[in-house]
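Data block below; observations after.
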Amino acid sequence: MDLAIRGVRVIDGSGGPSYRADVGLDGGRISAIRREGEPALSAARTVDAQGLALSPGFIDMHAHSDLALLRDPAHEAKAAQGVTLEVLGQDGLSYAPVDDATLTEVRQAITGWNGGEPGDTSVDFDWRTVGEYLDRLDRGIAVNAAYLVPQGTVRMYAVGWDDRPATPAELARMRQLVAEGLEQGAVGMSSGLTYTPGMYAGDAELTELCRVVARYGGYYCPHHRSYGAGALKAYEEMVGLAREAGCALHLAHATMNFGVNKGKAPDLLALLDTALDAGADISLDTYPYTPGCTTLVAMLPSWASEGGPEAVLARLQDEECAEKIRHHLEEIGSDGCHGVPIEWDTVEVSGVSDRGLGSCVGTTVQELAEARGEAPWATARRLLIDDRLGSMILQHVGHEENVRQIMRHRVHTGGSDGILQGHKPHPRAYGTFPQYLGRYARELGILSLEEAVAHLTSRPAARLRLPDRGLVREGYRADLVLFDPETVAAGSTFEAPRTLPAGIPYVLIDGRFVIEDGSRTDVLAGRSVRRTPA
């Protein structure tokens with residue numbers, strides 16, 4: 001065998017009791033498991049794992065590493081957490097399928113998420129289709145990656161930025177693009193229904209696209225229309241839509257935020273349990289933190305974003321339009337802010353595209369406005385214009401009791417929703433998985449360690465329909481994590497968000513060390529993980 005891991009506590013991903021064993025790897029797979037008292041394994045190399053636990057590699061069900069995997073070969077933000085597979089193409093906006101014009105538009109629209117704005121040469125955008133993007137990943141990346149066809153990008157490509165129903169020809173084109181993406185290896189389709197232009201799609205349009213996804217055995221992953229005033233209605237809408245289409249449903253970052261939803265996690269879970277008991281195929285992911293993270297421009301009402309980024313900037317520079325935007329934001333509650341009037345003291349600037357605006361980072365819009373002696377909207381408006389819509393924010397609107405209750409649900413999985421851009425990113429990008437193991441399992445006991453590992457491994461592998469990942473079993477892929485149950489912890493904080501975790505000394509992908517003795521190696525063992533044919 002290539003490697004024997006000796007005396008390790010195996011937490012196999014099933015949720016069942018852990019056990020002591022030696023685990024042998026050969027040819028990138030788990031070749032043998034010998035429990036205590038069984039014959040020892042012989043291998044070219046051994047690792048003494050006394051005091052460590054061995055689990056399957058963690059699967060990040062909601063990642064925004066679409067360009068980071070190409071730009072940053074080390075990718076320590078995820079590799080050091082024990083993540084061995086990320087699901088990209090989230091929230092309905094990513095970089096395939098596109099034509100030249102759509103690529104330029106989407107690069108500008110989500111530069112706050114991923115960088116890569118027009119003019120950035122750090123990534124060679126030498127793909128246009130989903131298959132070509134996956135082929136680009138196959139040249140070698142830090143961790144494995146699966147991809148969701150982004151419905152907002154598809155609508156941008158086929159319809160443009162208009163707030164109107166698609167014509168029959170446009171709908172047919174969107175169905176074709178989704179089908180082609182799935183045929184080329186995408187595992188499903190995502191939506192960002194508080195982001196333009198995806199949010200302009202009605203339920204009938206989304207249902208038709210989900211029928212295509214269902215035909216290929218994929219799943220639908222919506223960032224739905226509200227996490228605030230209309231949250232329960234928005235969840236109910238997605239459950240009904242997916243059931244109408246006969247499509248599996250995975251609810252992205254399934255939170256209940258803002259003051260209107262304090263203590264309402266049981267209402268969401270009851271809704272899901274009713275649907276599950278009736279036969280619906282539903283799963284969800286969450287991150288173990290209370291603040292959210294998005295772009296500042298996403299807060300604007302949807303009508304203000306019709307026509308694309310340049311049209312938004314033009315409206316912001318027009319006094320009458322800008323006042324109308326302020327009225328919707330502060331007094332009505334825009335759909336971009338989930339139907340809740342914005343509270344500027346909860347909106348913290350976490351990143352800017354223009355480095356000259358770096359002094360804004362780490363400060364709320366309310367604090368910036370007070371320092372400048374102006375109204376908060378004047379500050380936010382100026383920042384949007386000066387940063388050309390590239391500013392990122394943390395929105396402090398979550399509730400700890402909701403986070404804890406949702407993470408215990410029977411269909412819960414882990415997703416970082418990690419934005420790696422910006423001067424002060426959300427610490428979830430660097431800390432989600434050790435945060436589950438350290439704080440919520442070991443310290444708080446919200447989940448047992450075995451339960452937490454199952455949530456992060458076998459459950460997401462089942463959603464992705466991966467027959468040889470997510471469990472420690474003979475014949476399964478050797479994507480594995482060795483961690484210390486007594487010390488594993490997130491190092492990242494809101495003050496120091498890029499701090500790497502503690503207690504994860506070894507991570508293997510394809511049986512090769514990407515983290516060894518706590519340090520990143522130069523191994524690029526990751527590849528695309530493509531949809532298993534239905």
Side-chain angles (χ1 to χ4, degrees), residues 47 52-88 90 113-116 122-123 136-137 139-146 287-289 293 350-351 392 414-439 456-457 478-484 487-529:
V47 170
L52 298 179
L54 175 75
S55 80
F58 306 134
I59 298 176
D60 188 342
M61 286 296 287
H62 193 102
H64 288 283
S65 304
D66 307 48
L67 300 185
L69 275 169
L70 304 178
R71 184 189 296 116
D72 174 20
H75 201 45
E76 285 186 296
K78 295 301 180 65
Q81 293 184 62
V83 171
T84 58
L85 171 59
E86 299 183 277
V87 184
L88 313 177
Q90 299 287 349
W113 291 359
N114 299 316
S122 63
V123 174
R136 175 67 182 84
L137 298 179
R139 297 180 202 171
I141 49 179
V143 305
N144 297 308
Y287 47 83
Y289 298 88
C293 177
S350 62
M392 294 298 299
S416 71
D417 197 11
I419 305 294
L420 300 170
Q421 288 293 113
H423 297 65
K424 192 185 175 190
H426 196 302
R428 68 194 185 194
Y430 284 72
T432 286
F433 296 88
Q435 181 84 337
Y436 271 118
L437 301 175
R439 174 166 172 73
L456 308 180
T457 59
D479 294 352
L480 301 167
V481 183
L482 282 158
F483 64 92
D484 184 341
T487 64
V488 62
S492 59
T493 63
F494 287 99
E495 292 71 31
R498 287 193 169 88
T499 306
L500 296 177
I504 305 179
Y506 299 99
V507 180
L508 299 99
I509 295 178
D510 196 35
R512 303 160 65 192
F513 287 104
V514 296
I515 300 291
E516 187 171 10
D517 295 325
S519 297
R520 180 71 172 91
T521 69
D522 61 0
V523 170
L524 296 177
R527 297 293 185 271
S528 69
V529 174

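Under the 30°/60° scheme for interplanar angles, the aromatic rings of His62 and His64 are found to stand perpendicular.
Under the rule for a ring pair (Phe, Tyr, Trp, His ring centres under 6.0 Å), His75 has no partner lying at least two apart in sequence or in another chain. Gln435 is linked by a side-chain hydrogen bond (donor to acceptor under 3.5 Å, both in side chains) to nothing, counting only residues two or more places apart in sequence or in another chain. With sequence neighbours left out, the side-chain hydrogen bond (donor to acceptor under 3.5 Å, both in side chains) criterion links Asp484 to Thr487. Take Asp66 and apply the salt bridge (charged side-chain N to carboxylate O under 4.0 Å, His left out) test, not counting sequence neighbours, and it matches no residue. Every residue meeting the side chain to side chain contact (heavy atoms under 4.5 Å, CB included) condition with Arg520, not counting sequence neighbours, appears here in chain and number order: Ala74, Glu76, Ala79, Ala142, Val514, Ile515, Leu524. Residues forming a side-chain hydrogen bond (donor to acceptor under 3.5 Å, both in side chains) with Tyr289 (at least two apart in sequence, or on another chain): none. Taking Ala489 as the reference, Arg442 meet the side chain to side chain contact (heavy atoms under 4.5 Å, CB included) condition, with sequence neighbours excluded. Among residues two or more places apart in sequence or in another chain, the side chain to side chain contact (heavy atoms under 4.5 Å, CB included) test is passed with Ala145 by Leu69, Leu88, Leu137, Ile141. Not counting sequence neighbours, the partners of Asp517 by the side-chain hydrogen bond (donor to acceptor under 3.5 Å, both in side chains) test are Tyr506. For Thr457, the side chain to side chain contact (heavy atoms under 4.5 Å, CB included) partners are Pro56, Phe58, Val453, not counting sequence neighbours.
To the nearest 0.5 Å, atom CG of residue Asp479 and atom CG of residue Leu85 are 8.0 Å apart. To the nearest 0.5 Å, atoms CZ (Arg498) and OG1 (Thr493) are separated by 12.0 Å. Between atom CZ of residue Phe483 and atom CG of residue Leu52 there is a gap of 9.0 Å, rounded to the nearest 0.5 Å. Atom CG of Leu54 sits about 5.0 Å away from atom CG of Leu480, to the nearest 0.5 Å.
Across all non-hydrogen atoms, the minimal contact from Thr84 to Gly57 is OG1-CA, 3.3 Å. Across Gly414 and Leu456, no two heavy atoms sit closer than the pair CA-CD2, 3.8 Å. Taking every heavy atom of both residues into account, Pro73 and Arg71 meet most closely at CD-O, 3.5 Å. A pairwise comparison of heavy atoms in Ala80 and Pro501 identifies O-CG, 3.3 Å as the closest pair. What you find for Ala63 and Glu86 is that their closest heavy atoms are CB-OE2, 3.4 Å. When all heavy atoms of Pro425 and Pro497 are compared, the pair lying nearest together is O-CB, 3.0 Å.
Of the possible polar contacts, none joining the Gln421 side chain to the Met392 backbone as a donor-acceptor pair under 3.5 Å is found. The main-chain N or O of Ser492 is never found under 3.5 Å from a side-chain atom of Thr499 such that the two would form a donor-acceptor pair. No donor-acceptor distance shorter than 3.5 angstrom exists from the side chain of Asn114 to the backbone of Leu67, with no hydrogens or angles considered. Formation of a donor-acceptor pair under 3.5 Å by the Gln90 side chain with backbone atoms of Met61 is found in this model.
Here the side chains of Leu70 and Val123 are in contact, with some heavy-atom distance below 4.5 Å. Side-chain contact between Leu500 and Tyr430 is present, with heavy atoms from C-beta onward closer than 4.5 Å. Taking 4.5 Å as the limit, some side-chain heavy atom of Leu420 sits within range of a side-chain heavy atom of Ser65. At a threshold of 4.5 Å between non-hydrogen side-chain atoms, the residues Ile509 and Val143 count as touching.
Within the structure, salt bridge (charged side-chain N to carboxylate O under 4.0 Å, His left out) contacts touching residues 418-439 (residues at least two apart or in different chains) are Glu348-Lys424, Asp417-Arg428. Residue pairs meeting the salt bridge (charged side-chain N to carboxylate O under 4.0 Å, His left out) criterion with at least one partner in residues 500-512, sequence neighbours excluded, are absent.
Donor-acceptor pairing under 3.5 Å is recorded for the side chains of Ser416 and Asp60.
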Practice task
Check step by step if side-chain contact (heavy atoms from CB on, under 4.5 Å) holds for Phe513 and Val507.
Solution key: CA-CA 6 Å; Phe513 287 104; Val507 180; over 6 Å; no
Exercise for the section: List the steps and the verdict of ring-ring contact (aromatic ring centres under 6.0 Å, His included) for Phe494 and His426. Expected result: CA-CA 7 Å; Phe494 287 99; His426 196 302; 5.4 Å; yes
